[in-house]
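These figures come from a predicted structure and were not determined experimentally.
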Amino acid sequence: MASSYLLPHAQHAPHAHPTASSQPRQHHWSPYTENGGVILGIAGKDYVIIAGDTRSSEGYNINTRTARKIFQLGSGIILGVVGMSADGEELARKVARKIDDYKRNHDKHITVSAAAVMLSRTLYQKRFFPYYCQPLLGGLDENGVGAIYTYDYVGSFEREQSRAFGSAAALITPFLDNQINLKNQFVPGSNGEEPRTPGDMPRDLVEKIVKDAFSSAVERQIEVGDGLQMVTVTRAPPRAEEEEATVEDDDEWTGSTISETLSPLKQD
Amino acid sequence: MNQHPHGWGRPRDDVYGAYDSSYLNSTQPVTHTQRPIVTGTSVLGVKFQDGVIIAADNIASYGSLARYDNVERLLQVGTHTVVGAGGDMSDMQYLHLLLDNLLIKEQYPADDHHLHAPQVHSYISRVLYQRRNKFDPLWNSILTAGADPNTSEPFLSYVDLRGTTFSAPALATGFGAHLAVPILRRHVPDEAAVKDLTREDAEKLVDECMKVLWYRDARSGVTYSWSVITKEGVETGSKKIENQSWKFAEMIKGYGAQNI
């Protein structure tokens, strides 16, 4: 395997360019590309939201305005990926397949925490030719509480409350720090003494914050825009006893409901 | 058998003679395609209300030399799909071989199951992504166009040498992505607009874009092949760019010998 491929943002070493005219001119082919876009995940007490824009670009070209970055993997688990879309889609396909295999082998749905470890291993298996994408894994944990797992390219991961990845992550992260984790916010009337405690946020409020985060990012990042894909996992309504008995393919019941909305963002 | 720890399990040299490794791989490292050689330029594709149009010119260039002027870059695959390729022409021809073999294999069961554009696009994109993973890419950007034989739902998708895929109502590879896509998007900005674009308008639109490319892309040709795919099947033809006007060239100054 070639060892000299470069990530899109990596600096070319000075010696990589043939300086003497006697050396043949060589195109340096990189297997990597960067398709832009941004994703954002927020975990609540009984829900998870992963949202992403639908623009896919390469350099200054907009490839399409309708590319989805959030994938439903089955068993109530969703995955958002930004970076190189070919690698991202391959990763989503692979993990969806593994989640399906798990279901068939063990006759039960994989938990988010187990899927999180599995995704980490899947990324690490390509440690020396990494997937060039940053994944956000979302779902409801064993207690029905929202969980977001965040990764780097080679599989380091942790569970978090909120995270933005992609080309506007630097714009959205401080906004999330302030609006979701309530950093630098104080209880009104406490004269800046008592910090507000982050915690349970109603879903409709969080959805508004997500939309604001994206419409602001669109204004300042050229790679972000066109449309907003928002995928939400919530607890499925509990089923009545007799209904539980009559449902034939009971295995399909995951305990969570996934809903997806598409809304417009600015196209310029 | 050699019992020494360093060569355990191997034939002993003093009994069998030194191991003849001459037939193994030479010391040369394996080399892969680092750049395209004979290349085709843009491919255009537009969806319209009951199908898709795809077009590509017939030039294959060797650097800046127009080396071949009668190259067919559109390939009909099955009954309702056309694949158009830009980039390296030998890699395109290899891909045509793969697609021919794929179709032959699909014929054997005679089970009335046919591959349509989404399946063909999927197949090509897997081949291209696998080859980039082997650091031995097929140096092409490819449009797959098709229509569903039952619903006439148009299909148009792109894939390139890194396995990047995407779909849109109008697509173009190469220089076309810069010169033709903005014109095409004016007419079909989204899927909803596709419903209002007639075949006649779509054909005119493609003619216009091919003319712009002929004017501005130095690797393009004056004749081009086109295919229209509807639920009835594939119609294919060849065209020459008509009503050319090079008046605009008078405005261009500063790129060569000029007396003014």
Heavy-atom distance under 4.5 Å to chain A: side chain of [X], backbone, both or neither?
| X | result |
| --- | --- |
| Asp160(B) | side chain |
| Leu161(B) | both |
| Ser125(B) | neither |

Does atom [atom1] of [X] have more than 12 heavy-atom neighbours from other groups under 6.0 Å away?
| X | atom1 | result |
| --- | --- | --- |
| Phe248(B) | CZ | yes |
| His178(B) | NE2 | no |
| Arg199(B) | CZ | yes |
| Phe157(A) | CZ | yes |
| Arg126(B) | CZ | yes |
| His106(A) | NE2 | yes |

Closest heavy-atom pair and its distance - Gly163(B), Ala86(A):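 Nearest heavy atoms, Gly163(B) then Ala86(A): O-CB, 3.4 Å.
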Show the nearest heavy-atom pair for residues Arg185(B) and Asn63(A), with the distance to one decimal. NH2-O, 3.6 Å
Using a 6.0 Å distance limit plus a 45 degree cone around the ring axis, check whether Arg162(B) lies over the aromatic ring of Tyr132(A). no
Could you tell me how the ring of Phe135(B) sits relative to the ring of Trp29(A): parallel (under 30°), tilted (30 to 60°) or perpendicular (over 60°)?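 Perpendicular, since the angle between the ring planes exceeds 60°.
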Check whether Thr64(A) reaches the backbone of Phe166(B) with its side chain - one donor and one acceptor, N or O, closer than 3.5 Å.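 Not at all, since once roles are kept as given, no pair shorter than 3.5 Å links the two residues.
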Indicate whether the side chain of Glu58(A) and that of Thr164(B) have a donor and an acceptor atom separated by less than 3.5 Å. no
Which pairs, with at least one residue in residues 209-224 of chain A and sequence neighbours excluded, count as a side-chain hydrogen bond (donor to acceptor under 3.5 Å, both in side chains)? Ser167(A)-Glu223(A), Glu219(A)-Lys266(A)
Heavy-atom distance under 4.5 Å to chain B: side chain of [X], backbone, both or neither?
| X | result |
| --- | --- |
| Asp87(A) | both |
| Asn61(A) | side chain |
| Arg93(A) | side chain |

So Glu89(A) and Tyr129(B), do their side chains get closer than 4.5 Å, heavy atoms only?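 They are not in side-chain contact.
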For Glu191(B) and Arg65(A), what are the C-alpha separation, side-chain angles and deciding distance, and is it a salt bridge (Lys or Arg N to Asp or Glu O under 4.0 Å)? CA-CA 11 Å; Glu191(B) 289 292 337; Arg65(A) 302 187 193 277; over 6 Å; no
